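Numbered from 1 within each chain, the chains take letters A, B, ... in sequence-line order. What you see below is based on every heavy atom in this structure, not just the backbone, and it leaves out hydrogens, waters and symmetry mates. Worth saying up front: this structure is predicted, and the values here are computed from it rather than measured.
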Amino acid sequence: MDGPHGDATMLEDLESLDTQQRDWRQFPWWLLGIFLIAVYAIYIFLTRPSYQEAFQFIMIGLGITISTSLYAYLIALVLGLLAGLGRISNNIVIKNLATLYVELVRGIPILVLIFYLALVAVPGIADAIPGISNDNISLNFRAIIALSVTYGAFLAEIFRAGIQSIGRGQMEAARSLGMSYGQAMRHVILPQAIRNVLPALGNDFVAMVKDSSLVSVLAVRDITQVARLYAGRTFRFAEAYTVLAVMYLALTLILSFLVKRLESRLEAKGGR
Amino acid sequence: MAAKPIIEVKNLHKHFGEVRALNGVSLSVDPGKVVVIVGPSGSGKSTLLRCLNHLEVESAGEVWIDGIRLTRDQKQINEVRTEIGMVFQLFNLFPHLTALENITLAQKVVRGRSEAEAEQIARAQLARVGIADKADVHPGQLSGGQQQRVAIARALAMNPKIMLFDEPTSALDPEMIKEVLDVMLDLAREGMTMVVVTHEMGFARAAADQLIFMDYGKIIEQGKPTEIFNNPKEDRTKLFLSQILQH
């Protein structure tokens with residue numbers, strides 16, 4: 001370096017100014033916002049009995065919200081994997097059926113899908129199968145079916161993208177060793193693909209927990225439905241919906257945090 | 001009284017849409033022989049190799065492996081593939097598995113070997129290619145040359161009768177080429193039937209029983225490597241050789 005000393009110092013100053021500025025800009029102000037909301041919520045909760053009452057009432061629905069989301073997500077994972085594999089199948093019939101499913105679901109609002117699946121499709125199928133009466137199928141079950149069919153289509157696209165992100169050479173190497181398509185998929189492609197899409201799968205679980213509020217239209221007693229009941233009965237709308245909103249926020253924040261941790265643990269384990 | 005050829009290719013054509021990658025190639029390889037295929041890029045040599053284990057399905061013509069004509073029947077092709085090991089330019093190791101697991105997977109899944117047996121064979125193959133100490137390492141932590149040797153060990157663990165090599169050293173740094181070529185030379189000496197697509201003329205000279213020069217999806221010239229290197233008959237061959245040997 002032939003530059004005079006002054007230049008170097010100035011450059012350092014500029015750099016440090018730059019980092020200072022960046023620190024200020026990169027501070028997660030949104031997180032501070034959420035923190036303040038949480039503090040305010042706790043404050044209200046502790047000081048106003050009406051909020052405590054609303055919270056206790058709405059808590060009743062938490063089990064349903066969580067179990068509906070969990071069951072629906074597990075079924076959606078299976079549906080999504082099958083449909084995702086179907087989307088990339090060489091079999092034209094399977095491929096088109098899978099694509100039809102994905103496109104149908106993507107083209108219809110979730111709320112309409114939930115009405116349709118729970119109140120038209122499920123009864124239709126129940127009527128077609130002898131020995132099963134439509135009356136015996138609980139609304140909770142219908143809600144789970146409706147949510148899982150909907151999210152199965154979303155997850156199918158995630159699985160498809162994940163599988164397609166694995167280079168062609170992997171399949172060729174597996175096949176050249178004598179593995180069948182299924183064996184190669186199971187032992188070579190899917191383990192890598194699923195690891196790549198785990199963050200996306202986690203995000204969709206969070207999204208599904210939020211969308212599970214839609215099943216309240218089926219009178220399933222999840223937290224949304226219970227909050228509506230509470231509000232209607234007591235006319236305490238502010239209490240009911242503030243508590244409800246804070247509960248969803250808490251749920252999704254906790255889940256997002258878990259997803260992020262899973263993600264960083266996978267990255268740390270990485271070892272490619 | 002020539003031995004029955006283990007590979008026979010009859011008037012093979014392969015089109016990718018408008019592109020004619022193979023334009024009537026016939027070839028026969030006797031057991032234990034080493035065939036080296038050279039030619040400019042786009043000449044169809046990799047496509048020919050990939051037709052031998054049906055990674056590409058021919059548009060017309062016939063491929064016979066060990067007396068069996070390859071068809072589109074998936075079960076048949078899976079069986080034939082267990083007899084044909086293949087080594088790729090980009091190694092194609094499974095990145096989520098260790099070197100050892102890369103070698104045991106197909107043994108267990110395809111050959112039905114027990115974990116213990118597969119592992120024993122895998123360790124023996126890793127020792128053979130000179131990296132016994134890398135068994136528990138993931139491919140990402142291996143050098144290119146080491147990765148390619150694991151890939152060779154993976155193929156050999158299936159006890160193939162034929163080994164196909166698709167430009168096995170083209171993606172390697174120069175200092176790693178030798179370690180891979182040495183393994184291949186050993187294999188050739190041990191009497192493995194090999195079909196090798198490569199730009200390594202030194203390997204061709206040292207190991208090839210038969211050298212094939214391809215261009216425009218056709219075999220332009222074939223024969224003993226010394227004959228073709230010293231006394232090429234076709235103008236295309238002369239031009240190609242002068243281009244690659246001239247530095």
- prompt: Is A:Phe141 atom CZ crowded by more than 12 heavy atoms from other residues, nucleotides or ligands, each under 6.0 Å away?
  reply: no
message: I'd like to know whether NZ of B:Lys33 has more than 12 heavy-atom contacts from other residues, nucleotides or ligands below 6.0 angstrom.
response: no
- prompt: For B:Leu93, does its backbone N or O pair with a side-chain atom of A:Gln170 as donor and acceptor, under 3.5 Å?
  reply: yes
task: Give, as side chain, backbone, both or neither, the part of B:Leu164 having an atom under 4.5 angstrom from any heavy atom of chain A.
output: neither
query: What do you reckon, is CG of A:Leu31 surrounded by more than 12 foreign heavy atoms closer than 6.0 Å?
result: yes
task: Count the heavy atoms of every other residue, nucleotide or ligand shown that sit under 6.0 Å from CG of A:Asn90, and state whether that count exceeds 12.
output: no
- prompt: In Å and rounded to the nearest 0.5 Å, what is the OG to CG distance from A:Ser176 to B:Asn78?
  reply: 11.0 Å
message: Please classify the contact between A:Ala184 and chain B as side chain, backbone, both or neither, with a heavy-atom cut-off of under 4.5 Å.
response: neither
query: With a 4.5 angstrom heavy-atom cut-off, which part of B:Phe94 approaches chain A: side chain, backbone, both or neither?
result: both
- request: Check A:Arg168 against B:Arg50 and note the closest heavy-atom contact, atom names and distance.
  value: NH2-NH2, 3.9 Å
Contact class of B:Arg154 relative to chain A, heavy atoms under 4.5 angstrom: both
- request: Taking side chain to side chain donor-acceptor pair (under 3.5 Å) as the test, write out the residues that go with B:Gln120, two or more places apart.
  value: none
- request: Might you confirm whether atom CZ of A:Phe35 has over 12 heavy atoms from other residues, nucleotides or ligands at distances under 6.0 Å?
  value: no
statement: Here the gap from A:Leu177 atom CG to B:Met86 atom CE, rounded to the nearest 0.5 Å, amounts to 11.0 Å
message: Quick one, B:Pro95 and A:Gln192 - any side-chain contact, counting heavy atoms below 4.5 Å?
response: yes
query: Between B:His96 and A:Val188, which heavy-atom pair has the shortest distance, and what is it?
result: CE1-O, 3.5 Å
- request: Count the heavy atoms of every other residue, nucleotide or ligand shown that sit under 6.0 Å from OH of A:Tyr248, and state whether that count exceeds 12.
  value: yes
Between B:Val110, B:Val137, B:Thr82, the one whose heavy-atom pairs under 4.5 Å with chain A are most numerous: B:Val110
query: Can you tell me how far the CD atom of A:Glu172 sits from the CG atom of B:Asn53, to the nearest 0.5 Å?
result: 9.0 Å
Contacting moiety of B:Leu90, where chain A heavy atoms sit under 4.5 Å: neither
